Every structure is written in C-alpha cells, then in structure tokens.
Student: 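Mind looking over this structure? Questions follow.
Excluded from the calculations below are hydrogen atoms, water molecules and symmetry mates; all remaining heavy atoms, backbone and side chain alike, are included. Small disclaimer: the values here were computed from a predicted structure and weren't measured.
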Amino acid sequence: MRTLDDLDVKGRRVLVRADLNVPLDGETITDDGRIRASVPTIKALLDGGAKVVVCAHLGRPKGQVNPKYSLKPVARRLGELLGQDVDFAADVVGDSARSTVESLQDGQVALLENLRYEPGEESKDDAVRGAFAERLAGLAELYVGDGFGAVHRKHASVYDVPELLPHAAGGLVVAEVEVLKKLTENPARPYVVVLGGAKVSDKLGVIANLLTKVDRLLIGGGMAYTFLKAQGHEVGKSLLQEDQLDQVRGFLDEAAKQGVELVLPVDVLAAVTFAADAEHEVVDTTAIPADREGLDIGPRTRELFAAKLADAKTVFWNGPMGVFEFDAFSGGTRAVAEALIASDAFTVVGGGDSAAAVRKLELPEDGFSHISTGGGASLEYLEGKTLPGLAALED
Ligand code: 3PG
C-alpha cells in the first residue's frame with residue numbers, strides 16, 4: 001500500500017476520502033472524534049503544498065439532497081481544528097464543487113457536500129457508480145483514501161475513484177490497519193474480546209471468526225439476552241432476537257469445542273420501562289422478571305468482566321454493555337472501559353458506539369492503546385473479509 005510519502009503533492013489537487021460521519025443534534029456536532037482523526041492527513045497534505053479537496057458522507061440520505069444531512073457544520077468544525085478556512089461546496093460534483101475546487105490555491109482546503117446526496121455513490125450498478133466516480137475523480141489529480149470507517153463499503157468514492165487516479169493510503173488508514181493486523185496476526189495472549197451492543201445479528205460473522213482466534217469472549221449489552229435465552233434463561237422484556245437463537249446455540253457449542261471461555265452476564269439492571277429515569281433493580285440473570293427489561297450489566301457482572309480482563313495481554317472491545325446514553329444505565333460500559341484503562345494489555349476500542357461512549361463518559365482517550373474510527377469496518381476486518389476500500393488502495 002502506498003502512503004503519503006509516495007505521493008508528490010506540491011501544487012496538485014488531491015481528493016481525500018475521509019470519514020466525517022459524526023453524530024449531530026440539529027447543527028451541533030455531539031462527538032467530533034472522526035473529524036479530529038482526519039486532521040493529521042489533511043494537515044500533512046496542506047503542509048506539503050497540496051490543494052486539498054475533502055469528500056465524505058454523513059448519515060444515510062439515500063441519494064437525495066436532504067439538508068438534515070448537510071456537511072456544512074462539519075466544514076466549520078474542520079476549519080476550527082485545522083486553524084484555517086475550509087471552503088464548502090454546496091454540491092458534490094456540480095457547479096459549486098467545480099468552482100470551489102478551481103479557486104483553491106496551494107495549501108488551501110475545501111469540503112464537498114455529502115457524497116450520499118448522489119445516487120451514484122452507493123449504487124450497486126457498476127456503470128452508474130463508475131459514471132459518478134469519473135465525475136468525482138475529475139475534480140482532482142491524486143487520491144488519498146483516509147476514511148477508514150467507510151472502507152467496508154463498495155462505494156464510488158471508496159472503491160472506484162482510486163482506480164482512476166494515482167492513489168495512496170492516508171495516515172489514519174495506515175494506523176488503523178496496523179493495529180488490526182496486530183489483533184489478527186499474532187495477538188499476545190490471553191486475547192480477550194468484549195462484545196456488546198444491541199443486536200447479535202450485526203455481529204454473527206465476527207463472532208464466528210473470533211471463536212477460532214480468542215481465548216475469552218465476554219458478551220454484554222442487548223445481544224447478551226439472546227445468548228442467555230439460548231442457555232435456557234428467561235429474559236423478560238429484554239431485547240431478544242428469537243430468529244437468532246439457533247445460530248447462538250451453535251456459537252455456544254463451537255466455543256466449547258474450541259476451548260474458548262464464553263462469559264455471559266450473571267446479573268443485570270432490570271427496568272420497568274426503557275427510559276432514562278426508569279425504576280429498576282439488580283436481578284440475577286437466572287431470575288429476570290417477566291415484566292422487566294435488562295438495560296445494563298449488573299455489579300457482579302462488572303466485577304466478573306474486570307477479573308476476566310485483568311490478565312489479558314490483548315483486548316478488543318466493541319459495543320456498549322448497556323444503554324449508556326442514560327446515566328443510570330451507563331455503569332456497565334464505564335466499568336468495562338475502566339478495566340481496559342487499568343490493564344497493561346494492548347487495548348483496542350472498536351469504533352462506533354463504544355468510542356462514542358468513551359468520550360461521552362469523559363474517560364481518558366489516551367488510556368487505551370487505540371480507539372478505532374471504524375465500527376463496521378473494524379468488525380469486518382476482524383471477520384477476515386476483504387474490505388473494498390483497502391483492496392482498492394493496494395498497489
Ligand atoms: C460508520 O458510521 O460506521 C461509517 O461512517 C459508515 O457508515 P454507514 O454504516 O452508513 O455506511
């Protein structure tokens with residue numbers, strides 16, 4: 001994979017595919033982690049005298065212009081972080097984009113409007129995607145792939161444009177891949193993975209693969225209830241994916257066969273309703289009342305998980321342990337994060353909600369070896385899949 005050092009960028013227009021898909025509350029960015037992570041590559045290109053054209057997506061506007069998903073607030077924040085103006089193009093490959101790009105001087109930067117306003121970006125039809133990729137590539141002379149969070153998407157800006165322009169991987173992509181390689185190629189043991197989040201169906205591939213790789217798998221969050229049910233427990237009104245029970249029973253058998261220690265919650269905070277101020281109590285997972293739903297792992301589980309992490313040499317964590325957005329149900333996620341911070345292991349937080357939780361709970365980001373910017377991307381990498389956006393950057 002070529003890197004920035006292999007590109008001569010001085011005076012050239014460089015298209016940077018970044019992942020600036022940040023959570024917004026109206027026009028307020030509630031977590032700017034991905035924008036901050038994109039800054040070093042953009043800065044390096046600007047310092048090298050390039051004219052930088054950044055492109056990115058925000059949310060899922062499905063090929064339609066929708067102001068709710070405009071990247072304009074992101075342009076403002078990027079400008080603050082870079083300490084210089086970011087010209088914002090009001091479209092992706094139209095008149096505004098072309099004139100904005102044409103007026104860039106060396107060392108100046110522009111951000112195009114949301115790539116996903118264009119149906120060609122995500123089209124499954126190679127010709128449609130290819131035609132849009134031609135227009136996007138036409139805005140620049142060189143391409144830098146740095147949107148790690150989107151490298152698992154076979155989209156025009158990720159997969160097709162690098163075919164059309166001399167290209168390199170940006171510093172963020174290089175750093176993320178290096179970390180994930182450490183996890184997949186020869187992890188120091190014990191290798192412990194903590195998985196959480198709402199749905200087990202989102203993690204089937206990665207669980208199947210991890211069961212051949214890890215020493216211990218700790219399962220919390222909403223997905224734990226399908227495991228508990230598969231073990232024969234009643235889970236009340238907790239999140240349950242009945243259609244995944246057979247699959248999960250297969251995982252339980254496979255873990256036993258592979259000698260993987262699969263650790264499930266032993267107690268939970270069971271609430272009467274899904275609300276921030278819901279009345280709740282600690283119950284054992286063998287006795288979840290029929291009219292209650294588990295919204296966080298309980299205190300004994302927090303201790304159990306911390307103990308199972310204490311001797312780890314490598315840890316990967318993806319997915320919150322409970323509804324961390326509600327203070328009353330954030331304790332389990334905090335406990336797992338704190339166990340990672342206290343650990344001497346190589347610790348990786350796998351993007352998405354767990355990275356957002358670290359920042360929301362105001363935990364020190366430097367307490368972890370690495371916080372990935374890619375949720376789905378890091379999971380698919382660990383699943384052993386070929387990621388289109390990485391394949392496209394290979395020489
Ligand atoms: C993410 O948020 O994981 C990436 O930005 C990719 O977004 P997507 O899941 O909408 O493709």
Student: Taking all non-hydrogen atoms of both residues into account, name the closest pair between Leu139 and Val92 and its distance.
Tutor: CD1-O, 3.6 Å

Student: So, do Leu204 and Gln247 sit near enough that their side-chain heavy atoms are less than 4.5 Å apart?
Tutor: yes

Student: Can you find a heavy atom in the side chain of Tyr225 that is under 4.5 Å from one in the side chain of Val268?
Tutor: yes

Student: Are any non-hydrogen side-chain atoms of Leu340 and Glu338 less than 4.5 angstrom apart?
Tutor: no

Student: Can you confirm if the aromatic rings of Phe346 and His370 lie within a centre distance of less than 6.0 Å?
Tutor: no

Student: Tell me the closest heavy-atom pair linking Leu387 and Ala377, and the distance in Å.
Tutor: CD1-O, 3.7 Å

Student: I'd like to know if the side chain of His155 and the backbone of Arg153 have a donor-acceptor N/O pair within less than 3.5 Å.
Tutor: no

Student: Given salt bridge (charged side-chain N to carboxylate O under 4.0 Å, His left out), test Lys181 with Glu178 step by step and report yes or no.
Tutor: CA-CA 5 Å; Lys181 264 198 182 145; Glu178 211 169 282; over 6 Å; no

Student: Can Thr373 and Arg34 be said to form a side chain to side chain donor-acceptor pair (under 3.5 Å), step by step?
Tutor: CA-CA 6 Å; Thr373 53; Arg34 280 182 165 156; 5.3 Å; no

Student: Got a second to check how far Glu176's CD is from Leu390's CG, nearest 0.5 Å?
Tutor: 10.0 Å

Student: Using a 6.0 Å cut-off, check whether atom CG of Asp125 has over 12 heavy atoms from anything other than its own residue.
Tutor: yes

Student: Are any non-hydrogen side-chain atoms of Val109 and Val53 less than 4.5 angstrom apart?
Tutor: no

Student: What's the verdict on side chain to side chain donor-acceptor pair (under 3.5 Å) for Thr226 and Gln241, showing C-alpha distance, side-chain angles and the deciding distance?
Tutor: CA-CA 6 Å; Thr226 305; Gln241 286 188 283; 5.0 Å; no

Student: Mind checking whether Phe274 and Phe326 have ring centres under 6.0 Å apart?
Tutor: yes

Student: Quick check on Glu281: does its CD atom have over 12 non-hydrogen neighbours (other residues, nucleotides or ligands) under 6.0 Å away?
Tutor: yes

Student: Near Arg2 CZ, under 6.0 Å, is it more than 12 heavy atoms from other residues, nucleotides or ligands?
Tutor: yes

Student: Mind running side-chain contact (heavy atoms from CB on, under 4.5 Å) on Tyr191 and Leu210 for me, showing each step along the way?
Tutor: CA-CA 10 Å; Tyr191 176 18; Leu210 287 172; 4.1 Å; yes

Student: Measuring from atom CG of Asp91 to atom OG of Ser96, what distance do you get when rounded to the nearest 0.5 angstrom?
Tutor: 4.5 Å

Student: Test of understanding: clusters of I, L, V, M, F, W, Y form through side-chain heavy atoms closer than 4.5 Å, transitively. Do Leu262 and Phe305 belong to the same one?
Tutor: no

Student: Identify whether the distance between the nearest side-chain nitrogen and carboxylate oxygen of Lys51 and Glu102 falls below 4.0 Å.
Tutor: no

Student: State plainly whether the residues Glu234 and Lys229 are in salt-bridge range, i.e. N to O under 4.0 Å.
Tutor: yes

Student: Within a reach of under 6.0 Å around CG of Asp291, are more than 12 heavy atoms found that belong to other residues, nucleotides or ligands?
Tutor: yes

Student: Taking all atoms of both residues into account, what is the closest heavy-atom pair of Ala156 and Gly120, and its distance?
Tutor: CB-O, 4.0 Å

Student: Between Thr314 (side chain) and Ala188 (backbone), is there a donor-acceptor pair under 3.5 Å?
Tutor: yes

Student: Tell me whether Gln108 contacts the main-chain N or O of Gln105 through its side chain, where contact means a donor paired with an acceptor under 3.5 Å.
Tutor: yes

Student: Check Glu261 with Arg216, please: is the shortest side-chain N to carboxylate O separation under 4.0 Å?
Tutor: yes

Student: Starting at CD1 of Ile29, measure out to CD1 of Ile35 and round the result to the nearest 0.5 Å.
Tutor: 4.0 Å

Student: Examine Val248 and Leu217 and state if one hydrophobic cluster contains both, with Ile, Leu, Val, Met, Phe, Trp and Tyr joined whenever side-chain heavy atoms are less than 4.5 Å apart.
Tutor: yes

Student: Is the shortest heavy-atom distance from the side chain of Leu136 to the side chain of Leu112 under 4.5 Å?
Tutor: yes

Student: Compare all side-chain heavy atoms of Arg334 with those of Val358 and state whether any distance is below 4.5 angstrom.
Tutor: no

Student: Any carboxylate oxygen within less than 4.0 angstrom of a Lys/Arg side-chain nitrogen, looking at Arg116 and Glu121?
Tutor: no

Student: Is it the case that over 12 heavy atoms from other parts of the model lie below 6.0 angstrom from the CG atom of Asp243?
Tutor: yes

Student: Apply side chain to side chain donor-acceptor pair (under 3.5 Å) to residues Arg17 and His167 and explain how you reach the verdict.
Tutor: CA-CA 11 Å; Arg17 181 27 162 128; His167 55 261; over 6 Å; no

Student: The test is salt bridge (charged side-chain N to carboxylate O under 4.0 Å, His left out); show your working for Asp296 and Arg302 and say whether it passes.
Tutor: CA-CA 10 Å; Asp296 196 7; Arg302 295 173 199 178; 3.1 Å; yes

Student: Can you tell me how far apart CG (Leu71) and CG (Asn21) are? Round to the nearest 0.5 Å.
Tutor: 8.5 Å

Student: Judged by atom type as modelled, is there a donor-acceptor pair below 3.5 Å linking the side chain of Ser70 to the main-chain atoms of Pro67?
Tutor: no

Student: To the nearest 0.5 angstrom, please state how far the CG atom of Leu111 sits from the SG atom of Cys55.
Tutor: 8.5 Å

Student: Does atom CD (Glu279) have a neighbourhood of more than 12 heavy atoms from anything else shown, all under 6.0 Å?
Tutor: no

Student: Does the side chain of Leu309 reach to within under 4.5 Å of the side chain of Ser343, using non-hydrogen atoms?
Tutor: no

Student: One thing to verify: whether Glu80 and Arg77 come together as a salt bridge, which I'm taking to mean a side-chain N less than 4.0 angstrom from a carboxylate O.
Tutor: yes

Student: Mind checking whether Leu393 and Tyr381 sit in one hydrophobic cluster, side chains of I, L, V, M, F, W, Y counted as touching below 4.5 Å?
Tutor: yes

Student: Would the number of heavy atoms belonging to other residues, nucleotides or ligands and lying under 6.0 Å from CG of Asp85 be above 12?
Tutor: no

Student: After noting the C-alpha distance and the side-chain angles of Glu27 and Arg76, does the key distance pass the salt bridge (charged side-chain N to carboxylate O under 4.0 Å, His left out) rule?
Tutor: CA-CA 11 Å; Glu27 289 206 358; Arg76 271 196 300 270; 3.1 Å; yes

Student: Kindly determine whether Thr41 and Asp146 satisfy side chain to side chain donor-acceptor pair (under 3.5 Å), including the steps that lead there.
Tutor: CA-CA 8 Å; Thr41 293; Asp146 207 34; 2.8 Å; yes

Student: Quick check: do Ile341 and Leu363 have side-chain heavy atoms less than 4.5 Å from each other?
Tutor: yes

Student: Is Val52 reachable from Leu7 through a run of hydrophobic residues whose side-chain heavy atoms are each under 4.5 Å from the next?
Tutor: yes

Student: Hey, is Lys199 close enough to Asp202 for a salt bridge, meaning N to O under 4.0 Å?
Tutor: no

Student: Using distance alone, with no hydrogens and no angle criterion, decide if Asn318 and Ser354 have a side-chain donor and acceptor under 3.5 Å apart.
Tutor: no

Student: Within the supplied structure, the quantity of interest is the number of heavy atoms (other residues, nucleotides, ligands) at a distance under 6.0 Å from Phe251 CZ; does it exceed 12?
Tutor: yes

Student: So how far is it from Ile219 CD1 to Ile207 CD1, rounded to the nearest 0.5 Å?
Tutor: 5.0 Å

Student: Should Arg300 and Asp284 be marked as a salt bridge (charged side-chain N to carboxylate O under 4.0 Å, His left out) after you check the CA-CA gap, both sets of side-chain angles, and the distance that decides it?
Tutor: CA-CA 9 Å; Arg300 284 202 301 123; Asp284 285 356; 3.1 Å; yes

Student: Are Phe132 and Val128 connected in a single hydrophobic cluster, I mean Ile/Leu/Val/Met/Phe/Trp/Tyr linked by side-chain heavy atoms less than 4.5 Å apart?
Tutor: no

Student: Output yes when a side-chain donor or acceptor of Ser238 lies under 3.5 Å from a complementary backbone atom of Gly294, and no otherwise.
Tutor: yes

Student: Are Arg359 and Glu365 ion-paired here, with the side-chain N under 4.0 Å from a carboxylate O?
Tutor: yes

